[in-house]
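To keep things clear, I will list the structure first and then write my remarks on it.
Per chain, numbering begins at 1; letters A, B, ... match sequence-line order. Not measured: the values here are computed from a predicted model.
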Amino acid sequence: MQSGEIHKYRTHTCGELRASNTGSVVRLSGWLRNRRDHGGVYFIDLADHYGVTQVIIAPGTASYELLSGLPKETVIRVDGMVVARDAGAINPGMVTGEIEVRVTEAELLGTTEPVPFSVFPESQVPEDLRLTYRFLDLRKSKMHANILLRSRIIASIRRRMVDLGFVEYQTPTLTASSPEGARDFLVPSRRHPGKFYALPQAPQMFKQLIMVSGFDRYFQIAPCYRDEDSRADRSPGEFYQLDLEMSFVTQDDVFKAVETLLAGLFTEFRADRPITATPFPRIPYSEAMLKYGSDKPDLRNPLVIQDLSEMFRESTFRAFAGKVVRAINIPGGAGKSRTFFDKLEEQAKGGGAAGLAWLTVEADGSLKGPVAKFLTPETAERLKSECSAGVGDAVIILADTEVAKMCRILSGLRDNLGRQLGLIEENVYKCCWIVDFPMYETDDDGKIAFSHNPFSMPQGGLDALNNQDPLTIKAFQYDIVCNGYELSSGAIRNHQPEIMYRAFEIAGYQREEVNSRFKALINGLKYGAPPHGGIAPGVDRIVMLLADEPNIREVIMFPMNQNAEDMMMNAPNTVRPEQLRELHIRVVEPPTKKPAEQA
RNA sequence: GGGGACGUAGUUCAGUUGGUUAGAACGCCGGCCUGUCACGUCGGAGGUCGCGGGUUCGAGCCCCGUCGUCCCCGCCA
């Protein structure tokens, strides 16, 4: 504000005035969030980014004439004097509740049409409407708080990373497509007909080359673009990772840095919620799949899966014999109704199971249930002991030949049971590392493919690649999981060209193809690459966990919907024919589907 | 690509066994009201029951199709 002259819009914000300001003449601007007209006295809740202040207007004045007819969410400016409220009129629920501003003059700054949904009071609104009018949705206090929390978290991450000795570097967002991974978003080149840039799925090769360049301890809040379908915890199109990479490190060094960061960050923002003490438990991938059926187990859920394949190997019970047999003990499950188990079976069948067996442990220790008669007394005893099932418990059992499918079903049952029975520990962050991921898996055609990042160092190095069954080779590849969310994925990288060529050869890439597709990285490795490794925690998911939101769109300002459309901006959209011509692009409509509606 | 849930006023919802003119609250418009803060109060406007077809004397309700949103599987090195 210039000396002696009042600012055009405001002397204070709407969250600022206190009893100590009583007597001051002030100017406020903001949104008419709510109003209460008592005829003889007219109140407005004036709101801005900082808070809400009650202003009071006397009838019969020019200000009343102007303000009384305005709809909610109109933008106005008011001048007036700060007055202390009478004791009985103080609102302890508002930080500005001890005062109000008695309006002497008012100005209309921005008109509004009737809002398509209520900004205040905040009510439930269909999400497509919220996304179309996101600028209104973001005015609501919960969304406003989430976005501010996000900002503070990111600021804290940067501060903490710098304190840990990391340096922030930027990398390009127009780069080259590379095989492996998700589908790319492509950007056509005007100057190179038929050629395309790709938006980076992650700055993977760049960050490795930053290490090769002799920098160390890189980090970046990096935008990542992947053309994959959305989930509640996965925003379609783009998201942000805290991308980091370190030179001359072992897996343990990376773990230590990330544990320090996350434990500090979570404690800073959720002091009310204990987080797993560091070092976080390390669970081998194979153990996670066995015990939880998932590589992102929610450790707040105490239920575990038990493998019973061995005890049924020679069984005369044909449904189990020779198959992979796995079970979950449900404490107190014997008291559950037939319907309860039928619903579990329905869920299992929905996932592709042939059926679901269940047994209850009766008061005399005997087993009861549809398959009980097929079990010998010895088997029954062994089953109870292996599942730690006691009197009053129930055991559900699945048998199948496809282990992967079975894990998925059991994981779903475990999640569902945990929720349904209220077993999930609340108000706590349970973190763990999943380690020793397999280097390879078989793809749909039965071919050997990378199961994770192709740039990971195989455990055992070249020797393992040359002499081991590829499917048994583990990688220095790790995930960090919190409350069932995969927070990040990382690896110690393969920094030796010969091991890299061999690793790709096993996945079906010849040397020439590696040279052309991964030219920059393989070249870099040939000129003195340091051993290095890193990880990339998902920023959106971290915010989601700290904000306690079940949906990632609640912590993103302008998210796309499930069909990867921005309903506010109307993206994607058609472009002018001359733009296409310039880019040497011709659109070929899919044969069956009708062209998308023009907006 | 597949499975599920939902779709009634601007918004949130109700709507009986298929039966006359589809209701309520909030919002909007117009009154009244000097202490509210989710103000109260009186009145008013506002509906192609997502869309299309079918069954029926009669459909918001039943059947088929379709569209949209969300959740899940596939996908996500």
Side-chain angles (χ1 to χ4, degrees), chain A residues 33-46 52-60 69-73 85-94 96-97 100 112-133 136 178-184 201-202 204-205 224-237 239 296 346-347 349-352 405 408-409 411-412 415-416 437 439-441 443-444 449-456 475 477 486 489 491 503-504 507 518 536 538 550-551 553 561-563 565 567 592 594 597:
Chain A
R33 184 105 326 142
N34 200 18
R35 54 175 139 61
R36 295 167 291 280
D37 189 348
H38 290 252
V41 56
Y42 182 49
F43 300 103
I44 285 176
D45 291 337
L46 191 66
V52 181
T53 297
Q54 173 166 282
V55 302
I56 177 167
I57 301 109
L70 298 175
K72 288 187 181 186
E73 295 305 313
R85 298 197 200 179
D86 292 341
I90 286 172
N91 184 345
M94 282 171 88
T96 60
E100 60 200 1
T112 181
E113 294 180 13
V115 288
F117 54 82
S118 172
V119 174
F120 180 91
E122 297 178 23
S123 56
Q124 193 149 90
V125 182
E127 196 171 8
D128 48 343
L129 199 63
R130 291 178 59 200
L131 292 179
T132 304
Y133 295 92
L136 290 178
S178 72
E180 301 286 331
R183 291 187 190 89
D184 283 314
Q201 296 187 23
Q204 182 65 35
M205 283 198 257
C224 302
Y225 305 89
R226 296 177 192 175
D227 185 1
E228 58 195 1
D229 289 338
S230 81
R231 289 288 184 278
D233 65 349
R234 195 203 294 161
S235 172
F239 59 97
K296 44 175 182 164
E346 197 180 312
Q347 186 191 343
K349 282 182 169 172
K405 180 179 79 184
R408 204 179 60 233
I409 297 167
S411 169
D415 287 343
N416 184 17
F437 275 83
M439 184 83 185
Y440 299 103
E441 62 189 6
D443 67 12
D444 299 335
F450 289 109
S451 71
H452 255 75
N453 190 317
F455 308 138
S456 301
Q477 167 83 43
E486 183 193 314
S489 225
F504 271 96
F518 306 98
N551 192 300
R553 290 184 298 276
N561 67 9
Q562 189 160 51
N563 296 324
E565 297 163 314
M567 303 187 76
T592 46
K594 280 179 243 158
E597 283 287 317

Please give the distance between the P atoms of B:G40 and B:G3 as a whole number of Å. 48 Å

Would you measure the distance from the P atom in B:G10 across to the matching atom in B:U66 and give it in whole Å?
28 Å

Paired to B:U11 by Watson-Crick or G-U wobble criteria (both distances under 3.5 Å) is B:A25

In Watson-Crick or G-U wobble terms, with both distances under 3.5 Å, the base opposite B:C70 is B:G4

Can you tell if the side chain of A:K72 reaches within under 4.5 Å of the side chain of A:R33, non-hydrogen atoms only?
-> no

Re B:U55: Watson-Crick or G-U wobble partner, both distances kept under 3.5 Å, found to be none

Whole-Å distance, A:I44 CD1 to B:C39 P, equals 12 Å

- Task: Indicate, with a heavy-atom threshold strictly under 4.0 Å, whether A:S451 touches base, sugar-phosphate, or nothing.
- Result: sugar-phosphate

Residues passing the side-chain hydrogen bond (donor to acceptor under 3.5 Å, both in side chains) test with A:S118, sequence neighbours excluded, are none

A:E100 meets the side-chain hydrogen bond (donor to acceptor under 3.5 Å, both in side chains) criterion, sequence neighbours left out, with A:Q54

Does any non-hydrogen side-chain atom of A:V52 lie less than 4.5 Å from one of A:M94? yes

Testing B:G10, B:G74, B:C71 for proximity to the side chain of A:P116, the answer is B:G10

Separation between CZ (A:R130) and CG (A:L136), nearest 0.5 Å, reads 11.5 Å

Of A:S178 and A:S230, the one whose closest nucleotide on RNA chain B sits nearer the 5' end is A:S230

The ring pair (Phe, Tyr, Trp, His ring centres under 6.0 Å) partners of A:F455 (sequence neighbours excluded) come to A:F518

Donor-acceptor pair present, A:R231 side chain and B:G74 base, under 3.5 Å:
yes

Sequence neighbours excluded, the answer for side-chain hydrogen bond (donor to acceptor under 3.5 Å, both in side chains) partners of A:S456 is A:Q477

Of B:G35, B:G74, B:C13, the nucleotide closest to the side chain of A:Q124 is B:C13

Considering only heavy side-chain atoms of A:N91, the closest of B:G1, B:C72, B:C37 is B:C37

C1' atoms of B:A22 and B:C49, separation to the nearest Å: 8 Å

Fill in: C1' atoms of B:C28 and B:G65, separation to the nearest Å
37 Å

* Asked: Given B:A38, is OP1 or OP2 found less than 4.0 Å from the side-chain N or O atoms of A:R33?
  -> no

Paired to B:A38 by Watson-Crick or G-U wobble criteria (both distances under 3.5 Å) is none

Sorted by chain and number, sequence neighbours left out, side-chain hydrogen bond (donor to acceptor under 3.5 Å, both in side chains) with A:Q201 holds for A:D184

Scanning all shown strands, the Watson-Crick or wobble mate of B:C61 with both distances under 3.5 Å is none

Is there a side-chain polar atom (N or O) of A:N563 under 4.0 Å from OP1 or OP2 of B:G68?
no

Identify the pairs formed between an N or O of the protein and an N or O of nucleotides 23-31 of chain B at a distance under 3.5 Å, and give each distance.
unit_1	atom_1	unit_2	atom_2	d
B:C28	OP1	A:R35	NH2	2.9

Rounded to the nearest 0.5 angstrom, the CG-CD1 distance for A:D37 and A:I44 is 9.5 Å

When rounded to whole Å, the CG to C1' distance for the pair A:N416 and B:C72 reads 13 Å

Looking only at B:C37, B:C72, B:C13, the nucleotide nearest the A:D45 side chain is B:C37

Among B:C76, B:U34, B:G74, the one nearest any side-chain atom of A:D229 is B:G74

Ranking A:S123 and A:D86 by the position along RNA chain B of their nearest nucleotide, the one closer to 5' is A:S123

Among the nucleotides B:U69, B:G35, B:C76, whichever has the atom closest to the side chain of A:R234 is B:C76

To the nearest angstrom, the NE2-P distance between A:H38 and B:U34 comes to 10 Å

Next on the checklist: Between the side chains of A:D229 and A:R234, is the shortest nitrogen-to-carboxylate-oxygen separation below 4.0 Å, so that they form an ion pair?
Outcome noted: no

Picking from B:C70, B:G68, B:C76, the nucleotide nearest the side-chain atoms of A:N561 would be B:C70

- Message: Taking only the P atom of each, what is the distance from B:A38 to B:G43 in whole angstrom?
- Response: 25 Å

Which of B:C70, B:U69, B:G74 is nearest the side chain of A:D128? It is B:U69

Can you tell me if A:Q562 touches the phosphate of B:C71, counting only side-chain N or O atoms and a distance under 4.0 Å to OP1 or OP2?
yes

Atom CG of A:L131 and atom C1' of B:G68 are separated, to the nearest Å, by 13 Å

Write down the distance separating the P atoms in B:G4 and B:G46, rounded off to the nearest Å.
40 Å

Separation of B:U11 atom P from A:L136 atom CG, nearest Å, is 13 Å

- Query: Where the side chain of A:R35 meets the backbone of A:L70, is there a donor-acceptor pair that is under 3.5 Å apart?
  - Reply: yes

*asked:* Just to be sure I understand the rule, does A:E127 reach a base, reach only the sugar-phosphate, or reach nothing, if contact means heavy atoms closer than 4.0 Å?
replied: sugar-phosphate

A:R553 (side chain) donor-acceptor with A:N561 (main chain) under 3.5 angstrom
no

Can you tell me if the side-chain N/O atoms of A:R130 get under 4.0 Å from OP1 or OP2 in B:U12? no

Base, sugar-phosphate alone, or nothing: which one does A:E565 contact when heavy atoms must sit under 4.0 Å apart?
sugar-phosphate

Taken to the nearest whole Å, CG/A:N551 to C1'/B:C71 is 10 Å

Problem - Nearest-angstrom distance, C1' atom, B:U20 to B:G15 - result: 15 Å

Quick note, A:V41 side chain, CB onward, closest among B:C75, B:U34, B:U11 is B:U34

Using atom C1' of each nucleotide, how far apart are B:A14 and B:A9 to the nearest Å? 13 Å

To the nearest angstrom, the CG-C1' distance between A:L46 and B:C37 comes to 14 Å

Within the structure shown, what part of the strands sits under 4.0 Å from A:Q204 by heavy-atom distance: base, sugar-phosphate, or nothing?
base

Practice problem: State whether A:R36 places a side-chain N or O below 4.0 Å from either non-bridging phosphate oxygen (OP1 or OP2) of B:C39. | Solution: yes

Practice problem: Compare the aromatic ring of A:F43 with the six-membered base ring of B:U36 and state whether they stack according to the 5.5 Å and 30° rule. | Solution: yes

Is there a side-chain polar atom (N or O) of A:Q347 under 4.0 Å from OP1 or OP2 of B:C72? no

Atom CG of A:L129 and atom C1' of B:G68 are separated, to the nearest Å, by 13 Å

So what does A:A232 hit on the nucleic acid, given a heavy-atom distance under 4.0 Å: a base, only sugar-phosphate, or nothing?
sugar-phosphate

